[in-house]
Amino acid sequence: MTDAAVYSLVAGISVGFAAGYVGSLMVLKRMALVGDALSHVALPGLALGILFNFNPFLGAFAFLFSAAVLTWYIEKTTRLFPESIIGVLFVTALAVGILLTPEVDLLEALFGDITTVSLVDALLAVGISAPTVVVARLVYRRVVLSILSEELARSTGTNVALVNFVYLFLVTLVVAVGIKIVGTVLVGALVVIPAAAMKTVSRNLSSYALLSGLTGTASAGSGILLANYLRLPAGPLVVSVGTAIFAAALVADRIAS
């Protein structure tokens with residue numbers, strides 16, 4: 001196995017766990033499609049990184065963070081739901097990103113390229129994913145409580161607006177770092193599919209979050225290994241493995257019931 005393959009595997013496993021863990025909250029909040037839409041907001045940032053020769057991750061994160069802050073602020077000050085706000089940002093960013101991205105780099109920006117993952121990228125993925133999971137665990141029960149009832153959450157001293165902002169910030173981190181592995185088009189699948197799969201078989205919140213993270217790890221790790229062996233793009237294989245686990249979970253739940 002080449003150094004690039006080892007780096008991509010380390011990055012994929014760490015990002016897969018963080019994406020599954022944070023994604024379990026998105027599924028609980030019924031915002032699964034928001035993660036997918038949010039991922040496309042990174043495209044203009046990637047394009048600027050390519051055009052001006054700086055790390056595309058920084059550009060992607062800047063646009064994702066700006067989108068998260070804008071979504072949080074508009075949701076807080078209007079009666080619009082996050083899905084509507086991110087929907088507008090999604091189509092706008094996608095249009096601008098496609099216009100800005102050089103044609104020769106567009107395919108890599110949309111679908112990722114594991115052969116370009118470096119040691120720095122792998123260390124960055126681990127360095128971002130680990131704290132993301134720790135912070136997500138710290139706010140997990142407060143986010144769940146705010147999902148059940150914002151009034152009840154406030155009565156316990158929870159700052160619902162702050163918790164929602166932290167939660168959106170964690171999603172932007174995971175999406176930004178995951179783009180390198182599977183690209184802007186498919187990174188949302190890392191967040192959604194593992195959590196959706198484990199929702200059907202988990203019996204409590206603690207096991208649900210952990211199993212979602214482990215499923216994300218299994219999907220990303222297996223997909224990258226298959227890509228290295230079959231010489232095919234990693235992104236579609238990561239998503240295919242995740243979908244197979246999702247189907248197996250549905251069958252297992254059906255048999256158990």
Side-chain angles (χ1 to χ4, degrees), residues 14-39 41 61 64-90 126-178 187-188 190-217 249 253:
S14 57
V15 173
F17 187 86
Y21 200 95
V22 173
S24 65
L25 282 173
M26 298 207 77
V27 170
L28 288 176
K29 283 174 75 73
R30 299 183 182 181
M31 291 174 61
L33 291 178
V34 171
D36 184 50
L38 191 60
S39 63
V41 177
F61 176 74
L64 284 165
F65 182 70
S66 301
V69 171
L70 201 56
T71 301
W72 173 77
Y73 179 75
I74 294 175
E75 181 192 7
K76 188 180 172 185
T77 54
T78 70
R79 290 181 294 175
L80 289 171
F81 290 108
E83 292 91 338
S84 307
I85 303 164
I86 292 180
V88 174
L89 296 176
F90 154 63
V126 175
I128 290 175
S129 299
T132 296
V133 172
V134 172
V135 176
R137 179 161 178 76
L138 291 175
V139 302
Y140 204 95
R141 291 192 178 279
R142 277 175 279 186
V143 173
V144 172
L145 186 59
S146 70
I147 295 170
L148 296 174
S149 170
E150 291 194 1
E151 288 73 20
L152 180 60
R154 290 192 183 95
S155 71
T156 63
T158 298
N159 186 332
V160 174
L162 178 61
V163 166
N164 284 337
F165 176 76
V166 170
Y167 157 70
L168 271 176
F169 179 69
L170 296 177
V171 174
T172 62
L173 280 176
V174 168
V175 169
V177 76
V187 70
L190 272 181
V191 177
V192 176
I193 294 178
M198 292 302 104
K199 183 73 166 57
T200 60
V201 297
S202 301
R203 295 296 176 255
N204 58 63
L205 281 177
S206 297
S207 66
Y208 173 46
L210 179 60
L211 288 174
S212 297
L214 292 175
T215 302
T217 294
D253 181 59

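- R137 CZ: 12 or fewer foreign heavy atoms inside a 6.0 Å radius.
- With values rounded to the nearest 0.5 angstrom, F61 atom CZ is found 5.0 Å from T172 atom OG1.
- Residues S129 and V177 share a closest heavy-atom pair of OG-CG1, 4.5 Å.
- Nearest heavy atom pair, residue A18 against residue V133, reads CA-CG2, 3.7 Å.
- Put simply, the side chain of T217 gets close to the backbone of G213: a donor and an acceptor are under 3.5 Å apart.
- Interatomic distance, S207 OG to L214 CG, rounded to the nearest 0.5 Å: 11.0 Å.
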L25/V144 under side chain to side chain contact (heavy atoms under 4.5 Å, CB included): CA gap, chis, key distance, verdict:
CA-CA 7 Å; L25 282 173; V144 172; 4.0 Å; yes
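- Between T78 and Y73 the shortest side-chain heavy-atom distance does not fall below 4.5 Å.
- Interatomic distance, D253 CG to M198 CE, rounded to the nearest 0.5 Å: 10.5 Å.
- When every heavy atom of S212 is checked against every heavy atom of A195, the shortest pair comes out as OG-CA, 3.6 Å.
- In this structure, V160 and N164 have side chains that are in contact, with non-hydrogen atoms separated by less than 4.5 Å.
- With a 4.5 Å cut-off on side-chain heavy atoms, V22 and V191 do not count as touching.
- A 4.5 Å side-chain heavy-atom check between V69 and F169 finds every atom pair outside the cut-off.
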Step by step, work out the side chain to side chain contact (heavy atoms under 4.5 Å, CB included) result for Y208 and V27.
CA-CA 11 Å; Y208 173 46; V27 170; 3.4 Å; yes
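- A donor-acceptor contact closer than 3.5 angstrom is absent between the side chains of T132 and Y21.
- Between the side chain of Y167 and the main chain of Y140, no donor-acceptor pair closer than 3.5 Å is present.
- Interatomic distance, T215 OG1 to L210 CG, rounded to the nearest 0.5 Å: 9.0 Å.
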